[in-house]
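Worksheet: one structure, shown below.
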Amino acid sequence: MSSRASAVSNQEIPGREVTMVDALRAALREEMRRDKRVILLGEDIGVEGGFGGAFTVTLGLSEEFGHHRVLDTPISEAAIAGVAAGAALAGLRPVADVQYGDFLFLAMDQLANNAAKLRYMSGGKLSVSMVFRAPVGATTRGAQHGQSLEAFFMHVPGLKVACPSNPYDGKGLLKTAIRDDNPVIFFEHKLLYGSKGARKEKGGLQVVGWVPDEEYLIPFGEAKIVRPGRDITLVANLLMVHKSMQAAEILAAEGVDAEVIDVRTLTPFDWETVFQSVRKTTRLLIVEEDNLTGGWGAEVAARVADDCIGYLDGPIRRIAAPDTPVPFAPVMENFYVPSVEKIVGAVRELVKVHN
Amino acid sequence: MSSRASAVSNQEIPGREVTMVDALRAALREEMRRDKRVILLGEDIGVEGGFGGAFTVTLGLSEEFGHHRVLDTPISEAAIAGVAAGAALAGLRPVADVQYGDFLFLAMDQLANNAAKLRYMSGGKLSVSMVFRAPVGATTRGAQHGQSLEAFFMHVPGLKVACPSNPYDGKGLLKTAIRDDNPVIFFEHKLLYGSKGARKEKGGLQVVGWVPDEEYLIPFGEAKIVRPGRDITLVANLLMVHKSMQAAEILAAEGVDAEVIDVRTLTPFDWETVFQSVRKTTRLLIVEEDNLTGGWGAEVAARVADDCIGYLDGPIRRIAAPDTPVPFAPVMENFYVPSVEKIVGAVRELVKVHN
Amino acid sequence: MSETKERKLFMYHRMLMCRMFEERVYYLFLEGRLPGTIHQSQGQEASAVGVCSALEDKDMITSTHRPHSHAIARGVSVRSLMAELFARETGCCRGKGGSMHVGDMEAGMVPAIAIVGGGIPLAAGCALAFRYLEQPNIVACFFGEGATNIGTFHEAVNMAAIWNLPVVFVCENNKYAASTAVEKVMRVKRVSERAMAYGIPGETLDGNDVEAVYQAMRKAGSRARAGDGPTLLELETYRFAGHSRSDPGRYREPEEVAAWKQRDPIARYEAKLLAERVLEPAEITKIKTSIERELEAAVAQAESDPSPKPEDCLSDVFAS
Amino acid sequence: MSETKERKLFMYHRMLMCRMFEERVYYLFLEGRLPGTIHQSQGQEASAVGVCSALEDKDMITSTHRPHSHAIARGVSVRSLMAELFARETGCCRGKGGSMHVGDMEAGMVPAIAIVGGGIPLAAGCALAFRYLEQPNIVACFFGEGATNIGTFHEAVNMAAIWNLPVVFVCENNKYAASTAVEKVMRVKRVSERAMAYGIPGETLDGNDVEAVYQAMRKAGSRARAGDGPTLLELETYRFAGHSRSDPGRYREPEEVAAWKQRDPIARYEAKLLAERVLEPAEITKIKTSIERELEAAVAQAESDPSPKPEDCLSDVFAS
Ligand SMILES: Cc1ncc(C[n+]2csc(CCOP(=O)(O)OP(=O)(O)O)c2C)c(N)n1
Ligand SMILES: Cc1ncc(C[n+]2csc(CCOP(=O)(O)OP(=O)(O)O)c2C)c(N)n1
Ligand SMILES: [Mg+2]
Ligand SMILES: [Mg+2]
């Protein structure tokens with residue numbers, strides 16, 4: 001594995017532009033080839049003539065690895081999570097999934113009470129090496145198919161939480177997650193999959209990203225400054241990284257230089273990168289698609305308000321979905337999901353306040 | 001119903017000292033007498049010769065109201081929640097419970113995806129008038145019987161969340177919860193029950209509180225300043241209100257005058273009372289038994305860091321359980337649960353910093 | 001017209017309405033005029049209509065991610081359904097629910113629950129309320145065979161069984177849960193065998209025979225209404241379309257699809273009614289034309305209906 | 001000594017150890033020497049010991065909130081169990097687990113899961129790993145009859161069934177879930193009937209007959225090991241004590257308790273072994289004395305063992 005590869009796109013290194021779906025599938029394929037203990041569990045993930053899971057990520061893997069490694073399950077989310085945890089206890093490295101993150105609540109007991117706690121309850125003797133993948137984000141499917149659930153899992157001690165915003169990170173983080181000896185909840189944003197054909201999402205970003213041909217891993221707990229800036233810090237994840245970047249471009253034209261941080265993993269969280277940025281820019285806006293109250297952004301605000309309050313030149317603000325379920329009608333959903341305009345507006349206000 | 005009674009203990013008004021268990025039972029009894037639509041659902045709540053639920057709250061109610069109103073369920077937490085929600089849709093006002101809050105994860109889908117969202121998904125046409133009671137808090141029963149889960153539910157739009165610290169509030173809030181047309185998650189702290197006899201908890205506070213004989217309700221969304229003070233604001237709930245009060249007494253002897261706020265309900269939250277207090281004291285310490293990262297205290301810190309940052313004379317700090325499961329050994333559990341000493345220590349540091 | 005004849009024509013009409021609604025909706029999707037996704041139920045109309053035709057006023061149904069036919073069969077207004085799919089203020093959920101959550105409790109339908117199995121406890125809960133309030137009503141609880149593998153099915157059916165609740169569990173066994181064939185995920189031959197685990201009657205029947213469905217539901221309904229508890233009805237059927245809008249259904253053999261299309265519940269019933277002379281050939285076109293017109297009007301109305309305002313997304317979280 | 005005789009004496013010894021451990025623990029609680037709470041299993045020793053005696057090295061068990069006898073029967077060291085109850089650093093969970101989470105995967109026991117039914121998917125998962133790794137092992141999954149009403153039972157048993165996993169589901173039907181009598185919460189007469197819903201064999205047997213339990217478990221175990229899938233064994237038994245430390249058990253008729261005490265699995269087996277001359281009367285006291293001594297030593301050791309430090313609560317959250 002190359003350490004060079006952990007640098008961002010570099011013309012010297014052979015690689016190619018791929019979608020998130022391609023990148024995640026490649027991560028699964030590479031890890032399955034490398035380690036026989038890696039198996040997949042989920043609904044509709046390996047059926048012949050089927051979808052490769054709800055968003056095609058596992059397409060073709062049952063053909064390559066066989067149905068004993070790509071297990072199509074009944075609709076039994078609690079058992080999917082619990083069976084994965086049990087298999088992990090006995091030495092496998094299962095990667096399980098739900099078709100929509102919203103169904104995680106069905107598996108929550110197994111994830112939060114068993115997978116997350118078994119190592120601790122055993123006094124550190126066991127480990128539960130599993131990954132649980134979950135697509136999040138609103139895509140005009142209404143209240144039960146569009147939630148962002150990162151905060152719930154960030155609040156469970158014993159679980160790691162990843163949330164990549166681009167194919168490069170997606171691949172590198174998923175490979176790391178699979179090799180991690182702890183349970184990892186791996187959030188993927190539906191509008192970032194770049195799925196094509198029938199599974200293409202309206203409003204989906206055409207995110208393709210460069211990924212080196214050489215193998216690489218991305219460690220957990222390292223945020224990425226995706227745009228350095230001087231005037232304000234924007235902290236975001238998943239789709240909101242892209243919206244924050246778009247906002248930063250607009251703001252740049254107005255002379256406001258925003259630093260954008262992609263948190264990449266919520267647990268462990270790279271507090272230092274955020275703190276350093278805030279100490280430099282003296283202003284903080286957190287951007288998340290999750291509901292405002294109790295979102296992961298609250299934790300970021302709280303930590304900064306503890307560690308960096310003396311450096312702040314104004315209030316800590318959050319742009320998040322309002323405290324409502326996800327509405328169906330696109331006009332309402334567009335209002336619900338934080339927009340580039342809202343980010344820009346909030347930044348304008350923040351830089352104005354104490355300038 | 002008397003409005004006088006909503007004042008705190010008043011010698012003029014007839015009343016008596018009762019435990020939390022007595023107060024909650026009285027609330028259930030009064031509401032069941034008042035409104036035939038109120039029914040109870042739960043495990044072991046009405047069995048002859050049984051416990052009256054895990055903590056005796058429903059003892060005697062099946063005798064008074066019959067088994068058609070006090071329904072002993074199988075061990076089926078998801079169905080308990082979903083059946084309660086369904087019954088609410090069709091006009092009843094169920095009060096359901098889990099024996100330990102930790103089991104809420106099993107019911108989470110029904111609570112968060114159905115009960116919380118049905119009103120919204122119906123465009124406001126329906127209401128889900130139910131209460132779901134859940135005991136929380138660590139009491140040397142280990143990782144799966146001691147969690148504090150308020151933050152998970154505060155983060156679900158459509159759910160109200162109550163967490164009374166004393167019998168007076170317990171009774172008034174539970175009655176309000178039952179009459180509310182929305183789903184309410186009602187958290188009770190095991191060490192505050194004041195249960196006697198076999199169900200007595202080691203380390204349980206002998207909290208008895210004065211409760212008027214006359215009927216009263218306590219509105220949601222009104223925090224209570226349980227101790228006014230000038231130097232620092234302590235925001236707490238449940239057991240931590242008592243620890244904060246003890247800390248405040250110790251601090252008073254040192255000349256530090258702490259204001260202690262009992263939040264009473266997390267949704268709706270009485271932001272104004274907290275903001276006003278912080279503007280006055282200029283210092284904030286949040287005290288919760290929940291795990292630090294993503295606890296409800298993070299939201300309080302975030303809101304204050306948004307609204308009151310200009311008033312703050314130092315960092316916003318939180319005292320919470322560390323990010324670990326609940327350990328079994330009492331020596332570890334005592335370290336895990338925020339102590340009076342830790343609160344005192346944190347306050348000393350905060351008042352020192354900018355004095 | 002005799003009551004039976006009237007009912008038969010009613011069921012025929014309703015099934016056609018279900019079918020034509022779904023076809024219309026499908027084209028609207030292809031044309032890009034509807035947002036979101038849809039799960040269609042062409043081929044399953046006999047179960048929706050047979051069950052709902054056996055219900056009384058104020059009875060209730062619960063439904064799933066595939067709810068259109070259930071809603072139509074239950075009598076939810078077609079206009080309000082269409083408007084909901086168009087995300088209009090006038091939709092049955094005022095644009096907040098969408099395809100997967102259509103419903104209207106006034107019309108006897110709880111908003112559909114799109115989480116597989118998630119509606120089953122709600123059904124039991126409604127039934128509990130009916131019994132408690134001494135309301136002589138029942139609940140018909142729809143779900144797919146895939147849902148019988150999830151925990152809530154088990155818990156809620158058991159709870160309804162021990163309490164003898166007035167609910168009929170209606171499993172539409174269309175052989176697939178998304179791409180997953182039923183044989184792969186359960187070892188029992190018939191879903192109805194699962195009733196045994198709860199000590200309630202279970203019955204498997206031809207879910208494409210609307211008359212048979214109606215009769216079985218009458219029977220199970222009477223039993224429930226009489227206080228004798230729930231029944232599990234397994235209705236064998238098939239969805240002609242893919243699982244959702246985006247599914248070409250390549251996991252099914254074309255022969256299998258073709259064979260089931262031979263058993264089209266509407267064509268079969270039509271033939272039967274013609275043979276019985278309940279229906280005259282000339283009436284068929286008339287009925288279809290009138291449905292076509294109704295759908296046309298519903299679409300036109302929906303298109304001109306007001307959209308919710310963006311900020312409307314903030315209301316209806318809490319009852320006050 | 002013949003293999004059979006050895007095994008019989010072993011089972012007798014283990015049952016006694018279970019019983020005497022629980023009695024000892026009970027008194028330690030009454031004396032206030034142990035923290036937390038306990039769920040005791042006096043009366044249920046035949047099921048724990050019959051099942052575990054039929055296991056091989058590296059087989060696994062999963063357990064519940066009532067795990068002491070399972071742990072002892074599986075061969076988890078009595079010292080490490082006692083130390084765990086005393087919340088010592090030397091406990092099998094290093095003081096982090098407590099009574100409800102005892103276990104030791106080295107000894108073949110997953111830490112017990114105290115959430116009813118929560119261990120069942122873990123059992124299926126372990127079994128999946130065994131099969132996948134071509135390890136010739138099986139899992140015995142213990143749970144109470146009350147657990148068969150929860151969703152995870154349904155989901156996990158079904159999954160194990162469709163995949164023919166090497167797991168034996170062992171339901172200890174002790175007639176009550178806390179204070180709730182089994183007849184109130186399920187309509188089937190026998191829990192084993194629920195096996196039919198998953199297309200696997202189910203069998204009800206006298207759970208207080210250790211020999212019968214052993215034989216049934218051998219058979220089900222062989223079946224599982226051969227790749228023929230899971231079995232649901234229902235072991236009819238009774239707990240002599242209350243549900244937990246604080247339960248006086250007033251929801252049970254004294255006559256019922258007395259009748260079951262007549263069927264004490266240990267007394268019965270003792271009488272049988274005496275009759276078979278496998279056991280001599282004189283040996284009984286010897287065995288009891290030696291167990292007494294072992295328990296005494298375990299208690300003494302536990303009391304003098306080091307306690308974890310308060311800050312130890314911070315470690316073991318993540319593997320690094
Ligand atoms: C709990 C849950 N898991 C997965 C899904 C995704 N999903 C939607 S429909 C479906 C298949 C449902 O099959 P079945 O119950 O047979 O109903 P059908 O679609 O055949 O009508 C799946 C897996 C879901 N909505 N809910
Ligand atoms: C999901 C869940 N609900 C409730 C409880 C509280 N509780 C602990 S043991 C028990 C009864 C369990 O009965 P059963 O499964 O028959 O086992 P037994 O106690 O009889 O051994 C209950 C209700 C729990 N631990 N987990
Ligand atoms: Mg189906
Ligand atoms: Mg039992």
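Chain letters run A, B, ... following the sequence lines, proteins first and then strands; every chain starts at 1.
Only the side chain of A:L126 comes within contact range of chain D, with heavy atoms under 4.5 Å apart. For a residue to count as touching a neighbouring chain, one of its non-hydrogen atoms must lie under 4.5 Å from one of that chain's; by this rule D:S320 touches chain A with the backbone only. Interface remark: D:N158 contributes side-chain atoms only to the contact with chain A (heavy atom separation under 4.5 Å). A:A84 does not touch chain D: none of its heavy atoms, backbone or side chain, sits under 4.5 Å away. Only the side chain of D:V110 comes within contact range of chain A, with at least one heavy atom under 4.5 Å from a heavy atom of that chain.
Between D:M105 and A:S122 there is no side-chain heavy-atom pair separated by less than 4.5 Å. Looking at A:L92 and D:L133, their side chains come closer than 4.5 Å, going by heavy atoms from C-beta outward. A:T267 places a side-chain heavy atom less than 4.5 Å from the side chain of D:F318. Two residues are said to be in side-chain contact when any heavy atoms from C-beta on lie closer than 4.5 Å; D:I113 and A:N113 fail this criterion. Looking only at side-chain heavy atoms (C-beta outward), D:L122 and A:L118 come within less than 4.5 Å of each other. Two residues are said to be in side-chain contact when any heavy atoms from C-beta on lie closer than 4.5 Å; D:E155 and A:I80 fail this criterion.
Between chain A and the residues D:H154, D:Q135, D:R94, D:E106, the largest count of heavy-atom pairs under 4.5 Å involves D:R94. Of all the listed residues (A:I75, A:V83, A:D109), the one sharing the greatest number of non-hydrogen pairs under 4.5 Å with chain D is A:V83. Ranked by heavy-atom pairs under 4.5 Å with chain A, the first of D:P111, D:C126, D:A160, D:G98 is D:C126. The most heavy-atom pairs under 4.5 Å with chain D, out of A:D181, A:D180, A:L71, come from A:L71. Comparing A:P183, A:A85, A:G158 by heavy-atom pairs within less than 4.5 Å of chain D, the highest count is held by A:G158. The choice from A:H68, A:R37, A:E77, A:K36 that makes the most heavy-atom pairs within less than 4.5 Å of chain D is A:K36. Comparing D:C92, D:A114, D:A129, D:C93 by how many heavy-atom pairs each has under 4.5 Å with chain A, the most go to D:C93.
The number of heavy-atom neighbours closer than 6.0 Å to NZ of D:K58, taken from other residues, nucleotides and ligands shown, is 12 or below.
Separating the OG1 atom in D:T152 from the CG atom in A:L106 is a distance of 12.0 Å, to the nearest 0.5 Å. Interatomic distance, CH2 of D:W163 versus CG of A:D72, reported as 8.5 Å (0.5 Å rounding). In this structure, OG on A:S76 lies 7.5 Å from CD1 on D:I162, to the nearest 0.5 angstrom.
At least one donor-acceptor pair under 3.5 Å links the side chain of A:N182 to the backbone N or O of D:A319. A donor-acceptor pair under 3.5 Å is absent between the side-chain atoms of A:K117 and the main chain of D:V317, judged by distance alone. Of the possible donor and acceptor atoms, one in the side chain of A:Q110 sits under 3.5 Å from a partner among the backbone N and O of D:G118.
Side chains of D:Y132 and A:R69: a donor on one and an acceptor on the other come within 3.5 Å.
The heavy-atom pair separating A:A90 from D:F130 by the smallest distance is CB-CE2, 4.5 Å.
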